[in-house]
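Have a look at the structure below before the remarks.
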Amino acid sequence: MEKGGLTSFFEDFIEREGFFLDRNVLTTSFSPESILFRDKEIEQLANILAPLLKNERSSNLFIYGNTGTGKTLTVRHVTSNMESVVVQRQIPLKFLYVNCKMKRVADTEYRLIATFAALLGRQLPSTGLPTDEVYRVFYESLENSHTHVLIVLDEVDQLIKKTGSDVLYNLTRVNEELKNSKITLLGISNDTTFLDNLDPRVKSSLSEENLFFAPYNALQMQSILRSRAEKAFRESAIDSGVVEKCAAFAAREHGDARKAIELLRVAGELAERNKSKSISLAYIDEAQEKLENEKIFEVIKNQPKQFQCVLYAILSLKSNTDFSYTSDIYNLYNKLCFKIGLRPLTQRRVSDIIGEFEQLGIISTKTISKGRYGRTREVSARISNSTRPMAKKILEEELEIQ
DNA sequence: AGTCCACAGGAAGGGCAGGCGA
DNA sequence: TCGCCTGCCCTTCCTGTGGACT
């Protein structure tokens, strides 16, 4: 861009009437004043948690349902309403919210308890202390706080998958240790089968009450999108059919409203950047691809070198069958390591890394038996053909492969 | 019916970085 | 500073297993 060009670009940008009235309405952190189609759940949740306001113990609670069905939103909605009552009436009640998926924050027992202690005002080192000691500090801060504490464990299934159910067992027993304070647990999970595989003693104490969030149907999804779009965009910014298409995309993802809202926002941004008159249907497709790409590229860039090398092997192996076997991946991975001077990990470890990529949704695997020729896993990348070259390019840059 | 392949995945333990108390 | 502790990443060793082959 020329020298004067940049100034006039910014001036143009300000002058031009954008689509957005309020972009924030379409971000994940936005909390709407009212949550559509969740009245029943809100009421149930409020009923269960209300005793906390009278300093009585409430039941531990387990909330489950697919991604983007409003679980976290509903919990935040109810607790923030409670919080304003708490502040007004000076009720001894605190809310600790933790997303257990947060790497290096709450994905191990140690880190989780240390995070709680930090939220109660006691900073602990990231490693080095015995776990007992971390618990002791946590109990101590709880006792000293003289309050009831509601602990919200979002994506609790991720934590249990990684660390086992001991953490939950310990947390459900905290009340036996405390005199001045009490805790109530609220677990949220995207995995609807999570409870079935949980240790029975933990299961009974965590899920004293259960709340299921059913996926939104197509019509509900459209209403949700419309109500957000009204606040987010100027009138007539959206072509007809756009909301319906976003809803249809999301319905394909098991009624994930978060995804639909994100889709709408990105489509708006793309249209705005292209100086279009309105958001047309074509932008939804483009937004869909952009979102998919961004998610994948972000994950790829944040992986350690060994993980990147494994993924590069998987992406490079794509044969005419669309999937590859563990052994082929491992062999290619070994060659790659040699090429770039990386010490190769064992097959056992690589097998776990493949499992971790599956968790991240980058690949999918299926354990199969080839009879006489052994058992193995079929690994296929969940990256579209159009995204794949860019993903490989990023890995080549990260790994410095010529 | 029995064998055997090529892994999956559990268990145990080593090495490392980092914190604590003496 | 030193010895001892931790969590985490990784290796080593091991058992389990679905189904083609004999």
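Chain letters run A, B, ... following the sequence lines, proteins first and then strands; every chain starts at 1.
Put simply, CD1 on A:I368 is 13 Å from P on B:dA6, counting in whole angstrom units. Between the P atom of B:dG19 and the CD atom of A:Q123 lies a distance of 14 Å, rounded to the nearest Å. To the nearest angstrom, P of B:dC7 lies 11 Å from CD1 of A:I354. Here B:dC5 presents its P atom at 18 Å from OH of A:Y325, a figure rounded to the nearest Å. To the nearest angstrom, C1' of C:dT6 lies 16 Å from CZ of A:R136. Here C:dC8 presents its C1' atom at 11 Å from CD of A:E356, a figure rounded to the nearest Å. Put simply, CZ on A:R349 is 17 Å from C1' on C:dC13, counting in whole angstrom units. We find that NZ of A:K366 is positioned 17 Å from C1' of C:dT17, with the value rounded to whole Å.
Of the residues in residues 341-348 of chain A, A:Q347, A:R348 come within less than 4.0 Å of DNA chain B through at least one heavy atom, sorted by number.
Phosphate contact (OP1/OP2 of C:dT17, side-chain N/O of A:S369, threshold under 4.0 Å): absent. Proximity of A:T326 to the phosphate of B:dA8: a side-chain N or O atom is located under 4.0 Å from OP1 or OP2. For the OP1/OP2 pair of B:dC7 and a distance below 4.0 Å, the side-chain nitrogens and oxygens of A:S327 include at least one atom meeting the criterion.
Closest non-hydrogen pair, A:N66 versus A:T69, comes out as O-OG1, 2.7 Å. Across all non-hydrogen atoms, the minimal contact from A:V242 to A:S280 is CG2-C, 4.0 Å.
The side-chain tip of A:R38 points at the ring of A:Y216 from less than 6.0 angstrom away and within 45° of straight on. Annotation: cation-pi geometry not satisfied between A:R122 and A:F138 (NZ/CZ under 6.0 angstrom from ring centroid, within 45° of ring axis). With A:Y325 as the aromatic partner, A:K370 meets the cation-pi criteria of under 6.0 angstrom to the ring centre and within 45 degrees of the ring axis.
Of the candidate nucleotides C:dA20, B:dG9, B:dC7, C:dA20 has the atom lying nearest to any side-chain atom of A:Y373. Listed nucleotides: C:dC8, C:dG18, B:dG9. Nearest to the side chain of A:R375: C:dG18. Ranking B:dA8, B:dC7, C:dG19 by closeness to the A:R377 side chain, first place goes to B:dA8. Checking B:dG9, B:dC7, C:dC10 against the side-chain heavy atoms of A:Q306 singles out C:dC10 as nearest. Among C:dC9, C:dA20, B:dC7, the nucleotide with an atom closest to any side-chain atom of A:R372 is C:dA20.
Aromatic ring orientation, A:F307 versus A:F357: perpendicular (interplanar angle above 60°, classes split at 30° and 60°).
In this structure, A:G371 and A:D352 both approach DNA chain B, and ranking their closest nucleotides by distance from the 5' end singles out A:G371.
Within 6.0 Å of the CZ atom in A:F338, the count of heavy atoms belonging to other residues, nucleotides or ligands does not exceed 12.
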request  = Would you check, one step at a time, whether the test salt bridge (charged side-chain N to carboxylate O under 4.0 Å, His left out) holds for A:E262 with A:R258?
outcome  = CA-CA 6 Å; A:E262 226 175 16; A:R258 191 183 307 165; over 6 Å; no
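Looking only at side-chain heavy atoms (C-beta outward), A:Y283 and A:L263 stay at 4.5 Å or farther from each other.
Annotation: the terminal axes of the helix from B:dA1-C:dT22 to B:dA22-C:dT1 meet at 20°, where each axis is the rotation carrying the C1' atoms of four end pairs onto the next four (5 pairs per end, rounded to 10°).
Salt bridge status for A:K305 with A:E398: absent, with no side-chain N to carboxylate O gap under 4.0 Å.
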